[in-house]
Amino acid sequence: MVCPYYPIEQLACPLILIQGLDDPIVPLNQSQMMFDALRSRGLPVAYVTFAGEQHGFVKAENNKRGWKQSSIFTCAFSSLNWQKR
């Protein structure tokens, strides 16, 4: 699990952040800060946002896009294609 409770320095694997732009629980700046911190450490990271969505997605097209982005990211950085540096 990755959240502000856990030190970001302990993260040592690729991470995709997926967030609704209307999320009332996780402020956008927190996700952006996490993205920037991971990127500055050289870890593979992606940040995908969805207009009109909150903390949980309700639109079918956004769920589909989210799963597709997750799958692409996971395949690109699977254990076969990415090694911890």
Distance, nearest 0.5 Å, that separates [atom1] of [X] from [atom2] of [Y]:
{"X": "I16", "Y": "T74", "atom1": "CD1", "atom2": "OG1", "value": "7.0 Å"}
{"X": "N63", "Y": "R65", "atom1": "CG", "atom2": "CZ", "value": "11.5 Å"}
{"X": "L28", "Y": "L17", "atom1": "CG", "atom2": "CG", "value": "11.5 Å"}

Exercise. Could you identify which residues cluster with W67, counting Ile, Leu, Val, Met, Phe, Trp and Tyr as linked when any side-chain heavy atoms lie under 4.5 Å apart, either directly or through a chain of such contacts?
Key: none
Exercise. Among Ile, Leu, Val, Met, Phe, Trp and Tyr joined by side-chain contacts under 4.5 Å, find the other residues sharing a cluster with I25 and list them by chain and number.
Key: V26
Quiz item: If you look at every heavy atom in R41 and E9, which pair is closest and at what distance?
Solution: NH2-O, 3.5 Å
Quiz item: F57: what forms a ring-ring contact (aromatic ring centres under 6.0 Å, His included) with it, not counting sequence neighbours?
Solution: F50
Self-check item: side chain to side chain contact (heavy atoms under 4.5 Å, CB included) assessment of F77 paired with L15
Solution: CA-CA 9 Å; F77 297 106; L15 178 72; over 6 Å; no
List, one per line, each side-chain donor-acceptor pair under 3.5 Å for residues 32-39, sequence neighbours excluded.
residue	atom	partner	partner atom	Å
Q32	NE2	D36	OD1	2.9

Quiz item: With S31, which residues qualify under side chain to side chain donor-acceptor pair (under 3.5 Å), at least two apart?
Solution: Q19
Quiz prompt | Residue pairs involving residues 50-60 (criterion side chain to side chain donor-acceptor pair (under 3.5 Å); sequence neighbours excluded) | solution = D23-H55, E53-N62
Quiz item: How far apart are the C-alpha atoms of I18 and S70, what are their side-chain angles, what is the distance that settles it, and do they pass the side chain to side chain contact (heavy atoms under 4.5 Å, CB included) test?
Solution: CA-CA 9 Å; I18 297 176; S70 294; 3.1 Å; yes
